[in-house]
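The sequence lines fix the lettering, A, B, ..., with proteins before strands; numbering per chain opens at 1.
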There are 2 protein chains.
Amino acid sequence: MKDVAARAGVGLKTVSRVVNEEPGVTPDTVARVQSAIDALGFRRNDSARLLRTRRTASVGLVLEDLADPFYGSLSRAVEDVARAHGALLFTGSSTENPRREQELVLAFCARRVDGLVVVPASDDHRYLIPEIEAGVATVFVDRPAGRIDADVVLTDNAGGTRTGVAHLIAHGHRRIGFIGDQPGIHTAGERLRGYREAMADAGLPVRPDWYAMGPTTPERVRAALATMLTGPEPVTALFAGNNRVTVTAVRVLSGRPQPVALVGFDDFELADLLDPPVTVVAQDPAGLGRNAAQLLFRRLDGATSEEPSRVELPARLIARGSGEIPPAY
Amino acid sequence: MKDVAARAGVGLKTVSRVVNEEPGVTPDTVARVQSAIDALGFRRNDSARLLRTRRTASVGLVLEDLADPFYGSLSRAVEDVARAHGALLFTGSSTENPRREQELVLAFCARRVDGLVVVPASDDHRYLIPEIEAGVATVFVDRPAGRIDADVVLTDNAGGTRTGVAHLIAHGHRRIGFIGDQPGIHTAGERLRGYREAMADAGLPVRPDWYAMGPTTPERVRAALATMLTGPEPVTALFAGNNRVTVTAVRVLSGRPQPVALVGFDDFELADLLDPPVTVVAQDPAGLGRNAAQLLFRRLDGATSEEPSRVELPARLIARGSGEIPPAY
DNA sequence: CTGAAAGCGCTTACAG
DNA sequence: CTGAAAGCGCTTACAG
């Protein structure tokens, strides 16, 4: 910029004015500066600019895994809102590792992002207190923050599961199994709660061998399902606590002579092409991302004094066939 | 930092040394500075630091759509390599819009990213010449750059398609259809070429109504497929030029009494659970991302004088059933 | 309409 | 082992 000023024979501030299209510069001067810019191939350094203006026009997004389609949709929605506000997006995958989440979050803060959208991997976010006090707007999404009070956008996990399990009950099932993710994960716990509530609402008992929480590896899911299907009181229907559980359940159940009803939490591509088509309780990943980002920019635009808000998005039952199979007894 | 220096009663440079864990500071001084840092809640501003060091330790990734699982895997691979090199990742979706691609790329350059990984949406990248000359390392991935000579990492689209079509021929098919994406897209053209070559290699003719290029909307694919299946010489097998085409083809073909063989370009989740399981020519999106990022950091680590390199990754045939259906005549 | 000075928060290159 | 000065590339707050 100094070189441009020298070549055009003007002051630094005038170059700055031209570059930023500020008013109050003679057309003549503008032309001279512009030609110096072109001749020198000048390109403004936004990092330097932002150092001075104290806004980096960037947002950091920390999620579990960028390669997971659920988070892909969520990211894209955050990106769209950020773009509408003129901000660029940093992304990082925590891989469900609390330390990595913290590293990423703090790295983004060190770059002085204006705001942060975080899918928590950790259950203790007190490390963020200094950053939030320093003015970094922060919104949690998909799962609430741990040990701090902050904005959060969630799916109604318990309610969605209640709806799904009630759907199975409405189709005549009394013995219904539930296979969920690790109990430490907030969404997993909420869904288990929804299952219990739906069963209780219908006056149905829940036997200990009817539900299983743990890693969503195919082996674990297969084992859990085998137990439920061969015990003294075998289940006639299964509620799968997430995507990966559903997929493994489809594989296992398709190999059995006795049909077992299935409702899964989370929609997935081609669910309607499977045999039978899979009934699901669908989340809205793009809606989660959009709401989180909108909340973030609302904060950034001044709503700093407000109380932390909590947005809960509904989950929607999509009946396709597998959840409408009657009990086989 | 100034405040920390004042409180600890040392010079700025000493604070800098402590923050960066540089050697040559008495343990005593370190302790004094450290306690001032803690008391003041000092957090280094990496943006300012990077302004001085002239490396931003960040990489920009421009792709078509973050919500597309193919690009999700690619992104994650780029992220992993970037992290291994201590760099953060900016991401942006061009949505197949050349102007948006350029906006994103230039916005990243204005932030002075060290390097760029770009899935081209445009066919003219001369706008990047000043940036590349200014030292921004750039690697194109999935599709080559337009009108400039630059590093690129591609899938062997023509070869993969040849393999897939040859597979159908080996299973007895003589009349094989091809439905591809818009002809302007490089990968679409390459795949069409592979189809033609495989047919020619087997001495088979290609009738004009056996192939169709255009948008991958369900309506267009349905119409194209209908034409191929009802013409004077109906096809007995179809090669689907990408994911979205494959999925629509599965829907259409599953409703027909006469079985039609199908091989699709691109693998997708649950392909093995469909009926029949879908045979595909699989790309390696993570491999594309990984190779592109590795090439990028190799450039960043000094290999500036080398010629642009071109890496081509193989596509792999995965036989699952739909591609092994014999001709129905 | 224009520009010189100071400063954003750090590091570099030196000197002691 | 330690620090004062200059500078990275911009903008802010002023003055003319």
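- One can place CG of B/Leu50 at 9 Å from C1' of C/dC10, the figure rounded to the nearest angstrom.
- With B/Ser47 contributing its side chain and A/Arg111 its backbone, the two residues share a donor-acceptor pair below 3.5 Å.
- In the model, A/Glu101 has a side-chain atom that pairs as donor or acceptor with a side-chain atom of A/His125 under 3.5 Å.
- Where B/Asn20 and A/Gly24 each meet DNA chain C at their nearest nucleotide, the meeting point lying more 5' is that of A/Gly24.
- Going from atom CG of B/Leu12 over to atom C1' of D/dA6 covers 12 Å, rounded to whole Å.
- Phosphate contact (OP1/OP2 of C/dC8, side-chain N/O of B/Asn45, threshold under 4.0 Å): absent.
- The distance between atom NZ of B/Lys2 and atom C1' of D/dA4, rounded to the nearest whole Å, is 14 Å.
- Under a 3.5 Å cut-off, the side chain of A/Asp156 and the backbone N or O of A/Glu312 do not form any donor-acceptor pair.
- Counting any heavy atom pair closer than 4.0 Å across all strands shown, B/Ser47 reaches no nucleic acid atom.
- Separating the CZ atom of A/Arg17 from the P atom of D/dA13 is a distance of 13 Å, rounded to the nearest angstrom.
- For a distance-only test at 3.5 Å, the side chain of B/Arg52 qualifies as a donor-acceptor partner of the base of D/dG7.
- Of the possible polar contacts, one joining the A/Ser122 side chain to the A/Asp124 backbone as a donor-acceptor pair under 3.5 Å is found.
- Taking atom CD1 on A/Ile37 and atom P on D/dG9, their separation rounds to 16 Å, with Å as the unit.
- Environment of CG in B/Asp123: sparse, with no more than 12 heavy atoms of neighbouring residues, nucleotides or ligands closer than 6.0 Å.
- The partner of C/dA13, taking Watson-Crick or G-U wobble pairs whose two distances both stay under 3.5 Å, does not exist in any strand shown.
- Atom CZ of B/Arg49 is separated from atom C1' of C/dT11 by 8 Å (rounded to the nearest Å).
- At a threshold of 4.0 angstrom between heavy atoms, the contacts of A/Val10 are confined to the sugar-phosphate backbone, with no base atom among them.
- Within the 4.0 Å cut-off from OP1 or OP2 of C/dT12, not a single side-chain nitrogen or oxygen of B/Thr53 is found.
- Between B/Arg54 atom CZ and C/dT12 atom C1' there is a gap of 12 Å when expressed in whole angstrom units.
- Between the P atom of D/dG9 and the CE atom of A/Met1 lies a distance of 11 Å, rounded to the nearest Å.
- Among the atoms of the strands shown, none is found under 4.0 Å from any heavy atom of A/Asp46.
- Dashed line: the shortest gap from a side-chain N or O of A/Thr26 to OP1 or OP2 of C/dT2 is under 4.0 Å.
- Of the side-chain N and O atoms in B/Thr14, none sit less than 4.0 angstrom from OP1 or OP2 of D/dC1.
- Taking only side-chain atoms of A/Arg44, from C-beta outward, the nucleotide of C/dC10, D/dC10, C/dG9 with the closest atom is D/dC10.
- The phosphate of D/dT11 (OP1 or OP2) has a side-chain N or O of A/Ser16 nearer than 4.0 angstrom.
- The main-chain N or O of A/Ala121 is never found under 3.5 Å from a side-chain atom of A/Ser94 such that the two would form a donor-acceptor pair.
- In this structure, of C/dG9, C/dC10, D/dT2, it is C/dC10 that holds the atom nearest to the side chain of B/Phe42.
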